[in-house]
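Take a look at the structure below.
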Amino acid sequence: MNFFADAVAWLFDPTNYVGSNAIGIRVLEHLGFTLLTLVFASVIAIPLGFFIGHTGRGRGLAVGTAGAFRSIPTLGLLTLVALSVGIGLTAPYAALTVLAIPPILAGAYTGFEAIDRATIDAARAVGMSEGQIVRKVELPLSLPLLMGGLRSATLQIVATATLAAYVADIGLGRFLFTGLKNLDYAQMLGGSILVILLALLLEGIFTVLQKLVVPRGVAAGRPTDIWAGFTKLAR
Amino acid sequence: MIEFHSVTKRFPDGTVAVDGFSLVLPSRKTTVLVGTSGSGKTTLLRMINRMVDPTSGSIEIDGADIGTLEPVKLRRGIGYVMQNSGLLPHRKVIDNVATVPMLSGIPKKRARTEALQLLDTVGLDRSLANRYPSQLSGGQQQRVGVARGLAVNPNILLMDEPFGAVDPIVRAELQQELLRLQRELGKTVVFVTHDIDEAFLLGDQVVILRTGGLIAQVGSPAEILANPADDFVATFVGADRGKRVLHLESHSDGDVLVDADGRLAGVLAGGTSPSAAAGAKAAPEEKAAPEVKAGPFAGSGAPAQGGDPR
Ligand SMILES: Nc1ncnc2c1ncn2[C@@H]1O[C@H](COP(=O)(O)OP(=O)(O)O)[C@@H](O)[C@H]1O
Ligand SMILES: [Mg+2]
């Protein structure tokens with residue numbers, strides 16, 4: 001029995017592209033779920049990260065909280081939230097938002113912290129207000145690292161979003177759970193391959209984006225490893 | 001006119017950077033704050049644009065206490081130039097220069113036109129306008145920094161070791177350029193340096209500082225050279241000059257001036273007789289000595305010292 005050949009056959013079986021469980025629909029659901037979770041996490045983590053990066057305040061607390069968030073088992077959290085709010089989309093959105101916050105937060109504030117203090121000091125000294133410093137100096141110069149954080153978060157969400165199907169009828173995880181229940185390994189592996197392809201696609205998009213947001217005039221070779229600063233601080 | 005009234009700055013960690021500093025900085029003149037590293041020069045400078053607020057005492061600009069002014073507004077009216085230019089790395093040269101005028105509401109087009117003119121003013125080719133700071137040499141970046149400092153046409157220009165990080169030849173060029181600019185523009189310049197030669201070259205008024213922002217001496221370069229207030233000033237003024245203490249050596253080919261390191265420094269204009277030179281420049285008891293040691297101020301460009309300076 002060749003699982004892989006079966007999976008490929010499943011992927012190319014036209015009957016899998018019709019109905020409410022069509023591959024196309026599941027892919028779009030998965031993608032939509034990933035992007036919306038990314039938005040939720042960003043809305044929380046980016047302003048917080050900018051605040052910490054700009055003021056230098058609350059960094060210890062943020063590092064601690066983000067570290068704790070990182071160590072929460074997502075499946076456990078998902079189950080816990082689902083038990084309290086019930087079956088549906090709320091639980092997976094909440095659980096995966098928690099998962100996505102630490103890398104975005106780290107990207108946002110390490111992006112600010114990596115900027116030469118003298119540049120910011122000069123901007124202030126010539127008469128930029130704090131808001132102008134954030135918008136016109138810190139934000140553009142920190143985009144590459146922020147984008148690195150978003151990329152890292154996106155890959156985690158897209159992989160872990162399969163768990164959403166555990167408590168809701170959504171995404172590529174459906175193929176995994178259905179396949180598992182019916183011992184349909186072709187469907188399971190086919191679903192996994194789709195998750196991997198989606199992750200690779202997003203990774204490719206972010207690679208391009210990350211290059212595009214490096215401001216012209218800023219020397220290439222800036223640090224892009226968002227965890228470097230994070231783990232150093234957490235120690 | 002900028003006035004410091006008993007200004008003290010104590011940082012949160014307890015460091016007293018400036019202690020009871022009082023001084024009047026006259027308008028349209030260059031005042032140079034000079035002292036060793038850590039003597040409080042930068043702190044003093046940054047109190048003028050409220051980048052640092054004094055712990056006690058007050059600072060007035062043209063009679064107005066700046067403690068009552070809004071810092072951002074105050075800073076937009078004061079030019080600021082620092083070491084390593086502090087330019088925004090993601091903006092082109094022209095946009096760096098036009099940044100503050102545009103923040104102050106000047107339309108983009110006009111701000112850019114004026115920025116181009118400022119590049120002329122500081123001696124930069126207009127073809128550099130569309131480069132990024134990282135594409136310029138250190139000296140060019142400092143010129144852009146000066147252009148940016150001048151962009152809002154401020155009355156006051158604060159300069160914190162602006163030429164400290166460029167090589168000696170470019171530094172000399174930039175110093176001459178600043179002297180020229182100052183002749184043309186007549187700003188109230190406050191200039192910080194640890195280089196006493198630079199201080200004497202640029203300053204109308206020179207303030208020699210000791211650690212803790214204490215004034216060791218204030219005066220024109222000539223006054224300070226002629227009458228150093230104490231040993232500290234004499235040493236400070238002399239330390240850098242030691243290498244230029246000159247003496248006369250007789251050679252078979254004639255008399256030449258030699259510096260303390262034994263390097264040839266030149267010949268005396270006019271008379272070449274050792275005793276004539278000695279009479280003009282050195283203490284009488286050294287007159288007969290074949291090797292004539294000039295006073296510590298020789299070669300400094302200061303007025304000749306008639307008798308014993310101290
Ligand atoms: N933000 C600060 N916090 C604590 N101490 C400071 C701060 N800024 C300057 N100092 C201290 O104040 C003194 C004067 O510093 P500064 O004005 O920078 O001297 P200078 O410019 O003459 O080298 C130094 O001892 C310096 O360490
Ligand atoms: Mg300094």
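Note that the structure is predicted; figures quoted are calculated from it, not measured. In what follows, chains carry the letters A, B, and so on, assigned in the order in which the sequence lines appear, proteins first and then strands, with residues in each chain numbered from 1.
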Minimum side-chain heavy-atom gap B/T99-B/R91 below 4.5 Å: yes
Quick one about B/S85 and B/Q142 (side-chain donor to acceptor, distance below 3.5 Å, no hydrogens or angles considered), yes or no? no
Chain B neighbours within residues 119-135 of chain A, where any heavy atom lies under 4.5 Å away: A/T119, A/D121, A/A122, A/A123, A/R124, A/A125, A/V126, A/G127, A/M128, A/S129, A/Q132
Leading residue by heavy atom contact count with chain A [cutoff under 4.5 Å; candidates B/V152, B/V100, B/L158]: B/V100
Going by atom types alone, do B/D65 and B/S58 pair a side-chain donor with an acceptor below 3.5 Å? no
Using atom types as modelled, flag every donor-acceptor pair under 3.5 Å from a side chain in residues 163-174 of chain A to any protein atom, sequence neighbours excluded.
residue : atom : partner : partner atom : Å
A/D169  : OD1  : A/R26   : NH1          : 3.3
A/D169  : OD1  : A/R26   : NH2          : 2.8
A/R174  : NH1  : A/A165  : O            : 2.6

State whether a side-chain donor-acceptor pair under 3.5 Å links B/R46 with B/Y80. yes
Quick check for you: among B/P89, B/A151, B/G77, which has the greatest number of heavy-atom pairs under 4.5 Å with chain A? B/P89
Quick test of your reading of the model: are B/E70 and B/R50 salt-bridged, counting only N-O distances below 4.0 Å? no
N/O donor-acceptor pairs under 3.5 Å from side chains in residues 33-45 of chain A, not counting sequence neighbours:
residue : atom : partner : partner atom : Å
A/T34   : OG1  : A/H30   : O            : 2.8
A/T37   : OG1  : A/F33   : O            : 2.7
A/S42   : OG   : A/L38   : O            : 2.7

Tell me if the centroids of the rings in A/F50 and A/F112 come within less than 6.0 Å of each other. yes
Does any donor atom in the side chain of B/E161 or B/T193 lie under 3.5 Å from an acceptor atom in the other side chain? no
Taking the side chain as everything from C-beta on, heavy atoms only, tell me whether B/I61 gets closer than 4.5 Å to B/E3. no
Only heavy atoms, only distances under 4.5 angstrom. Which residues in residues 108-124 of chain B are near chain A? none
